[in-house]
Trainee: 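The structure is given below, and queries will be raised subsequently.
Each ligand, and each atom within it, is numbered from 1 in the order the structure gives. Just so you know, these numbers use all the heavy atoms, side chains as well, and skip hydrogens, waters and symmetry mates.
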Amino acid sequence: MLTVAEVVRQAQAAGIAIPAFNVPYLPMIEPVVQAVVDQNSFALVETARLEWIKFESQGPAQVAAEFARWSRPEHVRLHLDHVPVVDEDDQQVDFLPVFQQALALGYESVMIDGSRLPLDENIQATRQVVELAHAVGVPVEAELGAVFGHEAGPLPSYEELYASGRGFTDVNEASRLVQSTGCDWLSVAIGNIHGAIASGRKDQKKVEARLNLARLEQLAQATRIPLVLHGGSGIMAEYLRGAMKRGITKINIGTEIRQPYEAAVQATGSVTQAQQAVYERTTWVISAFLGTSGLLDRLVSPVMKPGG
Ligand SMILES: [Zn+2]
């Protein structure tokens, strides 16, 4: 069986991006897996620290246990999303124990988010996680630049943000971070934005984000590793396609499937109906939005060897 690192490398070579679906509610896992399988695709199921603190996914152990019930390793693998060094509320996080726990639980790839730190401290934290994870053969995603949206305070207007390029990943810094940490994938900020999670804002329609594709191309050339696009929901299709051609190999999808789940629970009180809504939206994301149906057939070698 291919490792996640190998699948992602093959996707990079083929110019395809692998979706990574966030599951802030445990019952979302079953329909996400089912949609990926039915589309003969490949995806990551992922959980971020804020989803077990501010939503209902409970913790890395609970997500891993629920994932194990529906596990289809030829189609889906489990990823640990954002574990920040400093979180969205400016609190320091004791991050190393979270990684130790996730690695022991069998998470197959992990993300350390040092993006709120000065570069040198980001490098230092990322290096610590790379050392831990690589010791057990697990790839590490790092982040550089500011993908806004999770913070509680007022956000700058998207147009202002995009025009100013504030928080966009710097090319020289990216090259330094990758070279001095040995991280495997890099999450970049090029106009993408997270869906708001603050109460009162989390149900709002997400802004239609654009991407600075010229910057992306420079980042891909400078780093030579698979790049990750957070805040995939709501990005305009033309930019999304351009990004996949220029080195984006993993696309995180959160808001797009969270909002239908919450809306269905609110309207019907039925988890089963909410799961159906997640199934339908995940299917749409894979087939229409990202165009990754049949992804397994587009990789050079099979994810699973026959009989393996
Ligand atoms: Zn993110």
Side-chain angles (χ1 to χ4, degrees), residues 4 8 17-25 28 32 43-55 57 60 63 78-91 93 95 98-99 102 107 109-117 122 125-126 129 139-152 155 158 161 166-169 174 177 183-198 201-202 206-207 209-211 216 219 225-235 239-240 243 247-259 285 289-290:
V4 172
V8 168
I18 295 190
F21 294 102
N22 283 91
V23 289
Y25 304 91
M28 291 175 72
V32 165
L44 302 177
V45 165
E46 65 182 12
T47 183
R49 176 178 174 271
L50 69 83
E51 289 170 330
W52 65 78
I53 289 175
K54 298 187 173 172
F55 291 87
S57 68
V63 172
L78 189 57
H79 172 77
L80 184 69
D81 188 26
H82 291 280
V83 175
V85 179
V86 172
D87 74 9
E88 60 284 354
D89 301 320
D90 278 325
Q91 301 299 309
V93 175
F95 60 95
V98 185
F99 287 97
Y107 279 73
S109 50
V110 296
M111 179 199 190
I112 170 74
D113 177 0
S115 64
R116 291 189 185 87
L117 304 172
N122 188 350
T126 303
V129 174
V140 176
E141 175 182 340
E143 181 166 293
L144 183 67
V147 182
F148 295 104
H150 284 161
E151 297 75 12
L155 283 179
Y158 181 74
L161 205 63
R166 186 152 74 85
F168 282 23
T169 308
L177 179 120
C183 68
D184 302 86
W185 311 330
L186 182 66
S187 158
V188 294
I190 50 172
N192 45 316
I193 185 162
H194 285 121
I197 58 156
R201 283 216 310 270
K202 72 182 170 68
K206 222 188 129 178
V207 65
R210 306 194 297 277
L211 301 173
L216 173 60
L219 289 166
I225 62 170
L227 300 180
V228 182
L229 192 66
H230 283 234
S233 303
I235 290 176
Y239 289 98
L240 210 53
I248 290 294
T249 312
K250 170 175 177 275
I251 298 184
N252 287 15
I253 302 288
T255 312
E256 195 69 67
I257 60 171
R258 171 179 57 78
Q259 287 182 339
V285 167
F289 187 57
L290 297 179

Trainee: Around the Zn ion (ligand 1), how many protein N, O or S atoms are there at under 2.8 Å?
Mentor: 3
Trainee: Are side-chain N/O atoms of Glu88 and His194 paired as donor and acceptor at under 3.5 Å?
Mentor: no
Trainee: A side-chain contact here means heavy atoms from C-beta on lying under 4.5 Å apart; do Ser57 and Pro24 qualify?
Mentor: no
Trainee: Distance check, rounded to the nearest 0.5 Å: Ile235 atom CD1 versus Ile190 atom CD1?
Mentor: 7.5 Å
Trainee: Which residues pass the side-chain contact (heavy atoms from CB on, under 4.5 Å) test with Phe168, sequence neighbours left out?
Mentor: Tyr162, Asn212, Arg215
Trainee: Against His82, only a single residue in Asp113, Asn22, Asn252 fulfils side-chain hydrogen bond (donor to acceptor under 3.5 Å, both in side chains); can you say which?
Mentor: Asp113
Trainee: Do Arg210 and Tyr158 make a side-chain contact, defined as non-hydrogen atoms from C-beta onward lying under 4.5 Å apart?
Mentor: yes
